[in-house]
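Worksheet: the structure to be examined is printed underneath.
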Amino acid sequence: MPLSRGTTRYRITNSDWNYFTEIEFFFDSFSLYADQVNQFVDSEIASAKDKYESYSKEIEANPSSDIEGFDHFSNVRAKVGLTDIYYDSLIMTLYSFIEKKMFFLSKHLGQVEEIKVNDIEGNGIFKYQKYLSKVCKIDFLEIDQEWKMFIGFNKLRNQIVHSEGTRSIQKSNIELITFLKNINGVELNNEGETMSYHFRTNEIVKIFSNVAKKITDHLYIE
């Protein structure tokens, strides 16, 4: 029987398992860290732009001077690039958390099932989703929209992992491009046979965090 605390019933039955320390605490900490990262990135970009604008004004006032501007311009580009680096990291962290929690729940619920999670074909989230749905009878239709979004983040995660540091998506990857087009703050640029993508705001992190929380709550809370 699912563990019950107050009016909330959890699927984990171990008395030493706690929803707040295992799940809620992560999302609270993640939200705080994401806000701090966003403030840091905004501050660094603003500082770099201020220095570059100051340099530009100085050049306009003294066009024959020997003031070196390359470092200032490169600094702006580097700081803007922080947005991609940090938000990539946050996306990977969220994805990994959901995947691990799905595996943990599959193993736990599978203790009383003849079919075990390792008996199911597939990999990662799709394997665990199939097991939790087919064997453990968890209804994923209730989180259909969130799960579809998560599949989009799965494609983005794979892109980040296998892109070797580049930010180019093959135009044949229509599903990923369409997914990114529908998220505010994502900038897509045509580059011939590919599309480059950059995160100009933290909107994608906010969306993924909400999706991750709804999926995890649905899986762990009855």
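It should be emphasised that the depicted structure is a prediction, and the values quoted were computed from it without experimental measurement.
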For [X], salt bridge (charged side-chain N to carboxylate O under 4.0 Å, His left out) partners two or more places apart:
{"X": "Glu175", "result": "Lys155"}
{"X": "Arg167", "result": "Asp84, Asp88"}
{"X": "Asp139", "result": "none"}

Within residues 153-179 or reaching into it, pairs that qualify as ring pair (Phe, Tyr, Trp, His ring centres under 6.0 Å) - sequence neighbours excluded: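 Counting only pairs at least two positions apart or across chains, the ring pair (Phe, Tyr, Trp, His ring centres under 6.0 Å) contacts touching residues 153-179 are Phe153-Phe179, Phe153-Phe208.
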Sequence neighbours excluded, every pair satisfying side chain to side chain donor-acceptor pair (under 3.5 Å) that has a member inside [range]:
{"range": "residues 102-119", "result": "Thr13-His108, His108-Gln111"}
{"range": "residues 205-220", "result": "Tyr19-Lys213, Tyr19-Asp217, Glu24-Lys213, Lys213-Asp217"}
{"range": "residues 176-192", "result": "Lys171-Asn190, Glu187-Asn189, Glu187-Arg200, Glu191-Ser196"}

Ring pair (Phe, Tyr, Trp, His ring centres under 6.0 Å) partners of Phe140, counting only residues at least two apart: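 Result, ring pair (Phe, Tyr, Trp, His ring centres under 6.0 Å) vs Phe140: Trp147.
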Set of ring pair (Phe, Tyr, Trp, His ring centres under 6.0 Å) partners for Tyr128, sequence neighbours left out: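 Phe103.
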Phe199/Tyr86 aromatic ring centres below 6.0 Å: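 Between Tyr86 and Phe199, which both carry aromatic rings, the centre distance is not below 6.0 Å.
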Inter- and intrachain pairs under salt bridge (charged side-chain N to carboxylate O under 4.0 Å, His left out), touching residues 120-132, at least two apart: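 Those involving residues 120-132 do not exist here.
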Side chain to side chain donor-acceptor pair (under 3.5 Å) involving Asn38 - partner list, sequence neighbours excluded: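 For Asn38, the residues satisfying side chain to side chain donor-acceptor pair (under 3.5 Å) (neighbours in sequence not counted) are Tyr87.
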Side chain to side chain contact (heavy atoms under 4.5 Å, CB included) involving Phe126 - partner list, sequence neighbours excluded: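 Testing Phe126 for side chain to side chain contact (heavy atoms under 4.5 Å, CB included), a comparison that skips the adjacent residues, returns Ile151, Asn154.
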Same cluster (ILVMFWY, side-chain, under 4.5 Å), Phe25 and Leu219: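 The answer is no; the residues belong to distinct hydrophobic clusters.
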